[in-house]
Protein chains: 2
Amino acid sequence: MKWSELSDNWCPVARTLSVVGDRWTLLILRDCYLGKSKFEEFAESSGMTRHILAERLKRLVEEGVLERRLYSDAPKRYDYVLTEKGEELRPALRIMKDWGKKHMPVRREAKA
Amino acid sequence: MKWSELSDNWCPVARTLSVVGDRWTLLILRDCYLGKSKFEEFAESSGMTRHILAERLKRLVEEGVLERRLYSDAPKRYDYVLTEKGEELRPALRIMKDWGKKHMPVRREAKA
DNA sequence: CCCCTACGTTTTGTTTTGGAACTTATGACA
DNA sequence: TGTCATAAGTTCCAAAACAAAACGTAGGGG
């Protein structure tokens, strides 16, 4: 089965994961919860490639998790802010943060 | 940046995601929370390929999220059960379930 | 004019995934 | 004895996703 077919799965967990259950997407949300909103901020903070970042942002906007907002007219610049729908995933990230702190100690040097 | 380098990130969310933040892994955990434990159960329930399933189970065992358990001597058969570490991610899945119910309605026919 | 910022897109080569067939060990049936 | 079924994987190959780096675009500042 392809991942893309998951958005109509009977299981609500699967449908949620069809939006945020890939590599990187939840890291974008983490940055949003930390107050970041700009493309360059996400790119630098997460270490993901600009290619993938652009794709994921597009999808998050399509799904109504983020909103693309014009914040500068000249030159045209857009950033990304959480919608209410996006805010409601915050508790899940909080649990992952606590779980990581407890169960996933850093072994080598931190990189980013 | 490669995904595999994420396990030593400074951010505990990133470290958590280095284990469960890919396509399919959280779906395995969902099945575990629903009481499933067998390879064939996971394969059928999630719709993922056996190839990927085997890889993900191996990783979850390595990370101490699941435990591989001999449940039949002849023929040798193994299944997978949650450790305490694995149990502690359950609340995150619960949030995703609620989020999916609220924000991700099924559009077409359910498949699996 | 030329360089800087910032949000992307394109290109190229590598890695991961999807799908299906195959393996191994055993029990059940006839 | 031979054939079928079960269950946990493994192997193969083509297709899709990804990483890295360069390029594009639309101003602003010196």
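In the text below, chain A, chain B and the rest are named by the order of the sequence lines, each starting its count at 1.
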Peer 1: So which of residues 14-31 of chain A are in contact with DNA chain C, with a heavy-atom cut-off of under 4.0 Å?
Peer 2: A/Arg23

Peer 1: Set out, in order, the CA-CA distance, both residues' side-chain angles and the distance that settles side chain to side chain contact (heavy atoms under 4.5 Å, CB included) for B/Trp10 and A/Val106, then state yes or no.
Peer 2: CA-CA 7 Å; B/Trp10 62 272; A/Val106 180; over 6 Å; no

Peer 1: Enumerate the salt bridge (Lys or Arg N to Asp or Glu O under 4.0 Å) contacts for residues 46-55 of chain A, please, sequence neighbours excluded, ordered by first and then second residue.
Peer 2: A/Glu40-A/Arg50

Peer 1: Using the closest heavy atom to pick a nucleotide of DNA chain D for each, name whichever of B/Lys38 or A/Lys76 lands nearer the 5' end.
Peer 2: B/Lys38

Peer 1: Of all residues at least two apart in sequence or in a different chain, which pass the side chain to side chain contact (heavy atoms under 4.5 Å, CB included) check with B/Lys36?
Peer 2: B/Asp31, B/Glu41, B/Phe42, B/Ser45

Peer 1: Could I get a table of every N or O pair under 3.5 Å where one atom is in the protein and the other is in nucleotides 11-13 of chain C?
Peer 2:
none

Peer 1: Using the rule side chain to side chain contact (heavy atoms under 4.5 Å, CB included), only one of A/Leu93, A/Asp98, A/Leu34, A/Ile95 pairs with B/Val13; which is it?
Peer 2: A/Leu93

Peer 1: Which pairs pass ring pair (Phe, Tyr, Trp, His ring centres under 6.0 Å) with one or both residues in residues 13-37 of chain B, sequence neighbours excluded?
Peer 2: A/Trp3-B/Trp24

Peer 1: Name the residue closer to the 5' end of DNA chain C, choosing between A/Lys2 and A/Ser37 according to the nucleotide with the nearest heavy atom.
Peer 2: A/Ser37

Peer 1: Hey, what do you get for CG (B/Leu26) to CG (B/Leu89), rounding to the nearest 0.5 Å?
Peer 2: 7.5 Å

Peer 1: Mind checking what makes side chain to side chain contact (heavy atoms under 4.5 Å, CB included) contact with B/Lys102, not counting sequence neighbours?
Peer 2: A/Glu88

Peer 1: In whole Å, what is the span from the CD atom of A/Glu40 to the P atom of C/dC7?
Peer 2: 5 Å

Peer 1: Base, sugar-phosphate, or nothing for A/Glu41, non-hydrogen atoms under 4.0 angstrom?
Peer 2: nothing

Peer 1: In whole Å, I'd like the distance from the CZ atom of A/Arg56 to the C1' atom of C/dT9.
Peer 2: 16 Å

Peer 1: Suppose the criterion is salt bridge (Lys or Arg N to Asp or Glu O under 4.0 Å): which pairs have a residue in residues 17-30 of chain B, not counting sequence neighbours?
Peer 2: B/Asp22-B/Arg56

Peer 1: Between A/Met48 and A/Arg77, name the one whose nearest nucleotide on DNA chain D is closer to the 5' end.
Peer 2: A/Met48

Peer 1: Return the value, rounded to whole Å, for the distance between atom CH2 of A/Trp3 and atom P of C/dT16.
Peer 2: 17 Å

Peer 1: Whole angstroms only, please: what is the OH-C1' distance between B/Tyr78 and C/dT24?
Peer 2: 13 Å

Peer 1: Checking the side chain of B/Thr16 only, and the main-chain atoms of A/Gly100 only, is there a donor and an acceptor separated by less than 3.5 Å?
Peer 2: yes

Peer 1: Would you be so kind as to tabulate the donor-acceptor pairs closer than 3.5 Å made by side chains of residues 61-75 of chain A, with sequence neighbours excluded?
Peer 2:
from    : atom 1 : to      : atom 2 : distance (Å)
A/Glu63 : OE2    : A/Arg59 : NH1    : 2.9
A/Arg68 : NE     : A/Tyr80 : OH     : 3.4
A/Arg69 : NE     : A/Asp79 : OD1    : 3.0
A/Arg69 : NH2    : A/Asp79 : OD1    : 3.4
A/Arg69 : NH2    : A/Asp79 : OD2    : 2.7
A/Ser72 : OG     : A/Pro75 : O      : 2.7
A/Asp73 : OD1    : A/Lys76 : NZ     : 3.4

Peer 1: Starting the side chain at C-beta, find the nucleotide from C/dG18, C/dA25, C/dC7 nearest to B/Ile52.
Peer 2: C/dG18

Peer 1: Are B/Ile52 and A/Met1 connected in the hydrophobic side-chain network, where two residues link if heavy atoms are under 4.5 Å apart?
Peer 2: yes

Peer 1: Between CG of A/Leu27 and SG of B/Cys11, what distance do you get to the nearest 0.5 Å?
Peer 2: 6.5 Å

Peer 1: Taking heavy atoms of chain A and a 4.0 Å limit, find me the 5'-most and 3'-most nucleotide of DNA chain D within that range.
Peer 2: D/dC18 to D/dG28

Peer 1: Please identify each residue that fulfils salt bridge (charged side-chain N to carboxylate O under 4.0 Å, His left out) with A/Arg94, with sequence neighbours left out.
Peer 2: none

Peer 1: Under 4.0 Å: is that the gap between some side-chain N or O of B/Arg50 and OP1 or OP2 of C/dT23?
Peer 2: no

Peer 1: Under 4.0 Å, heavy atoms only, any strand: does B/Phe39 hit a base, just the sugar-phosphate, or nothing?
Peer 2: base

Peer 1: My understanding is that only residues two or more places apart in sequence, or in another chain, count here; which of them pass side chain to side chain donor-acceptor pair (under 3.5 Å) with A/Arg77?
Peer 2: none

Peer 1: In residues 62-75 of chain B, what residues come within less than 4.0 Å of DNA chain D, judged by heavy atoms?
Peer 2: B/Arg68, B/Tyr71

Peer 1: Could you state the CG-P distance from A/Leu53 to C/dA6, rounded to the nearest angstrom?
Peer 2: 15 Å

